[in-house]
Structure formats: C-alpha cells, structure tokens
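One is the number of the first residue; the rest follow in order along the sequence. Bear in mind the structure is a predicted one, so any value in this text is a computation, not a measurement.
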Amino acid sequence: TATRLNHMNRTDIFHPFEFGETEKKALDRDGHFFLPGILTSETCKQLTRSLARIQPLRESTDPQLRHHSGHAAEYDSYLTSLIAHPQMLELIHKVLGSDIRFDHCSTINRPPGHGGFGWHSHAYADDQPELGLVRIFFYVNGFSTDDAPLKVVPGSHHYRDPAIDGRTDQELRSGWLNGKKHPVTGKPLEIEILEAPKGTAILMWTHAAHAVNARKLDSPTRWTIVYGYRNPGVESPARNITTEFEQNPYPGTEQLVSLY
C-alpha cells in the first residue's frame, strides 16, 4: 500500500460552487440537483482518458471484463482516487450527513447511436426514509436536450417506489405518473428534459424516476460516470464492490467500503 499512498488525489476536482441549506432543500424537494460546469478542465481531461481506456472492457464479450461497468473505479486508479476525494466527500456529507458508505461506481457512456434507456428508479431502504442513497453523475462533455439528455420527474422520489417503469414518456404518463402529485408543491408530476454544459455534475436520490434519450449517430460518445453513496443500515441492491477491493481498500476509502 505504500506505493498507493503516494497516489492520494489532492488536486481540486471541482470549481468553487454553492451547496448549502437552500441547495439541499431543492435536492430534497425535486429529487435531483444540478451543478453545471463544476468539473475542472483537468478533471474532464482525466475522466475522458480513463473512461475511453476502460470503454472497450465494457463492450467486450468476455463476461469477466463486461463485469467492469459496475465496478469502474476498481479498473482505473484515477477513477478510484475520486471515491474519497476531499471535495467529493465534503459534498456527499452535506447530502447524507456524517455516516456514509461508498456503494458503487459505474460507467454510463453513450456511444454514437446508443438507443437510450427507459424510465426506471432504484431500490434502497424503501420504507426507511431516514436512510438515503444518492448518486452523483459526472457528465464530462455534457449533453443537449435532443442528444442523449437525462430526463427526470421532479418529486417522484418522495414515493420511494423502486419499480417505476416506462419504455417511453407516453408509457410513463399513462402508467406510473397518471394522477400522481408532487407531495411538496401539490402540482401534478411532470417529465422534465435536462440540458448540461460540459463538466456538469448532477446529484440524484435513488428513488427518483429518470431515463435517457438516444444519442445521435453523428455525435461523439457522451462520457459519463456515476458514483453512489448511502447511509448504511440495510442491504443495498445497487452495491458493487468486489471482495478484493473491500479487503484491500484504496487509501482514504477504508471507512467507506463496508456494507454496514
């Protein structure tokens, strides 16, 4: 581990940004919070390099290698170095409080022509609202509303339903969304299509409904990675940490990798 200790990443990954009580309230009200352009250009460069390097593993037909997409940080030391990066943990503590665990790190790159992904939500402590699981998405080169955009339903996370489902917007509207209101604002729940400048981070509670539209054929790959963190207390279906990584944790992650 001595050699690995030298690799603890202290370089700023974020430009200065606001995340105080007001921003936390907005995250809790809507289920997601937008941090446009906060990744430094150096972070974007490093992330692009790492994501491009491991993308062939994801596309491999070898099951041993395919398995990497949900364990991305274990395949690349730069990605690993972000798990317990001081700026990352400072932000995650503001969202989750003092008791946190790292849950997973997945690549969600969208190559040219990628078909997108239907509406879904994720499970965690569905009947224990005091336990949260939050994801932070890094959209390295961003996205426009008509090119692999992220779609959300502000307020959907309040239902803590892990089984939100819909292949299309229409299917979601006539199905799960039908008649549902935002518990805080009282307004009908609605689909929102986001747009992100390059270097954007988005925080999202695990029960929030989300989907992604297709990537254009003549667009470059949308480089994206997501890190998940949670309050420990129950089993986590999303958790993706190999035994090797848990037993030989990267410097700084020792307190973060256990299940409980």
Side-chain angles (χ1 to χ4, degrees), residues 14 17-36 38 70 82-83 87-106 108 117-139 143 149-166 172 176-177 180-196 200-212 224-240 256 259:
F14 301 145
F17 66 94
E18 273 303 300
F19 194 86
E21 259 175 68
T22 311
E23 292 76 14
K24 170 75 162 76
K25 266 203 181 99
L27 169 66
D28 292 343
R29 180 192 66 221
D30 298 334
H32 70 279
F33 190 80
F34 208 64
L35 295 159
I38 71 160
L82 301 189
I83 296 172
Q87 285 185 306
M88 179 81 104
L89 293 187
E90 184 186 5
L91 176 57
I92 299 300
H93 280 305
K94 284 178 177 174
V95 175
L96 288 173
S98 58
D99 198 13
I100 63 167
R101 298 293 180 274
F102 168 64
D103 192 74
H104 62 275
C105 172
S106 306
I108 43 172
F117 207 83
W119 287 98
H120 62 288
S121 56
H122 300 280
Y124 185 65
D126 304 333
D127 48 5
Q128 289 173 264
E130 72 282 3
L131 298 180
L133 191 157
V134 74
R135 286 178 177 79
I136 182 162
F137 297 84
F138 290 160
Y139 292 95
F143 56 82
L150 177 67
K151 299 182 291 187
V152 293
V153 175
S156 56
H157 67 297
H158 291 289
Y159 289 86
R160 291 185 85 83
D161 183 346
I164 299 173
D165 186 42
L172 187 75
W176 190 87
L177 264 190
K180 285 198 174 63
K181 288 192 164 61
H182 192 306
V184 179
T185 66
K187 293 181 178 150
L189 290 185
E190 276 178 36
I191 292 169
E192 193 183 320
I193 299 179
L194 302 177
E195 182 165 23
T200 289
I202 297 177
L203 289 162
M204 188 180 286
W205 287 120
T206 195
H207 291 95
H210 57 293
V212 181
T224 317
I225 190 155
V226 56
Y227 287 78
Y229 298 84
R230 62 191 163 79
N231 300 123
V234 294
E235 286 284 326
S236 170
R239 186 172 181 265
N240 250 346
L256 299 174
L259 173 58

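Taking the six-membered ring where the residue is Trp, Tyr227 and Phe102 present tilted rings, their angle falling between 30° and 60°. Note: Tyr139 and Phe137 have parallel aromatic rings, judged against thresholds of 30 and 60 degrees for the angle between ring planes.
Partners of Asp30 according to the salt bridge (charged side-chain N to carboxylate O under 4.0 Å, His left out) rule, which considers only residues two or more places apart in sequence or in another chain, do not exist here. Here Lys24 pairs with Asp28 under the side-chain hydrogen bond (donor to acceptor under 3.5 Å, both in side chains) rule; sequence neighbours left out.
Within 6.0 Å of the CD atom in Gln128, the count of heavy atoms belonging to other residues, nucleotides or ligands exceeds 12. Counting non-hydrogen atoms of neighbouring residues, nucleotides and ligands closer than 6.0 angstrom, the CD atom of Glu21 reaches no more than 12 such neighbours.
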For this session: Decide side chain to side chain contact (heavy atoms under 4.5 Å, CB included) for Leu256 and Leu89; before the verdict, give the C-alpha distance in whole Å, the side-chain angles of both, and the deciding distance to 0.1 Å.
Result: CA-CA 10 Å; Leu256 299 174; Leu89 293 187; 4.0 Å; yes
Exercise. Could you walk me through whether Ser156 and Trp176 pass the side chain to side chain contact (heavy atoms under 4.5 Å, CB included) check?
Worked result: CA-CA 10 Å; Ser156 56; Trp176 190 87; 3.9 Å; yes
For this session: Could you walk me through whether His210 and His120 pass the side-chain hydrogen bond (donor to acceptor under 3.5 Å, both in side chains) test, one step at a time?
Result: CA-CA 6 Å; His210 57 293; His120 62 288; 3.1 Å; yes
For this session: Output, in order, the C-alpha distance, side-chain angles, deciding distance and verdict of side chain to side chain contact (heavy atoms under 4.5 Å, CB included) for Leu150 and His32.
Result: CA-CA 11 Å; Leu150 177 67; His32 70 279; over 6 Å; no
For this session: Apply side chain to side chain contact (heavy atoms under 4.5 Å, CB included) to the pair His93 and Ile100, showing each step before the final yes or no.
Result: CA-CA 7 Å; His93 280 305; Ile100 63 167; 3.5 Å; yes
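Looking at heavy atoms from C-beta onward, Arg160 lies out of side-chain contact with Asp127 at the 4.5 angstrom threshold. Between Phe33 and Val95 the shortest side-chain heavy-atom distance does not fall below 4.5 Å. For the pair Leu35/Leu91, a side-chain contact is recorded, criterion being any heavy-atom separation below 4.5 Å from C-beta on. In this structure the side chain of Lys180 never reaches within 4.5 angstrom of the side chain of Val153, judged on heavy atoms. With a 4.5 Å cut-off on side-chain heavy atoms, Asp103 and Tyr229 do not count as touching. Looking only at side-chain heavy atoms (C-beta outward), Leu194 and Pro149 stay at 4.5 Å or farther from each other. Put simply, the side chain of His122 does not reach to within 4.5 Å of the side chain of Leu133, judged on heavy atoms. For the pair Ile108/Phe117, no side-chain contact is recorded, criterion being any heavy-atom separation below 4.5 Å from C-beta on.
Residue Met88 holds its CE atom at 8.0 Å from CD1 of Ile83, rounded to the nearest 0.5 Å. Rounded to the nearest 0.5 angstrom, Ile136 CD1 and Met204 CE are separated by 11.5 Å. The structure places NZ of Lys94 at 11.0 Å from CG of Leu203, a figure rounded to the nearest 0.5 Å. We find the CG-OG1 distance between Leu131 and Thr206 to be 12.0 Å, quoted to the nearest 0.5 Å. Phe14 contributes atom CZ, which lies 4.0 Å from atom CZ of Phe138 (distance to the nearest 0.5 angstrom). For the atom pair Trp119 CH2 and Ile191 CD1, the distance stands at 4.5 Å (nearest 0.5 Å).
Residues Cys105 and Ile225 approach most closely at SG-CD1, 3.5 Å, considering heavy atoms. Contact detail for Leu189 and Pro154: the closest heavy-atom pair is CD2-O, 3.2 Å. Closest approach of Asp126 and Pro162 over heavy atoms only: OD2-CG, 3.2 Å. Taking every heavy atom of both residues into account, Ser236 and Leu259 meet most closely at N-CD1, 4.1 Å.
Put simply, the side chain of Ser121 never gets that close to the backbone of Ala208: no donor and acceptor are under 3.5 Å apart. Here the side chain of Asp99 pairs no donor or acceptor atom with the backbone of Asn231 at under 3.5 angstrom.
Judged by distance alone, the side chains of Arg29 and His182 never bring a donor and an acceptor atom under 3.5 Å apart.
A side-chain hydrogen bond (donor to acceptor under 3.5 Å, both in side chains) with His104 is found for one member of Arg230, Arg135, Arg239 and no other, namely Arg135.
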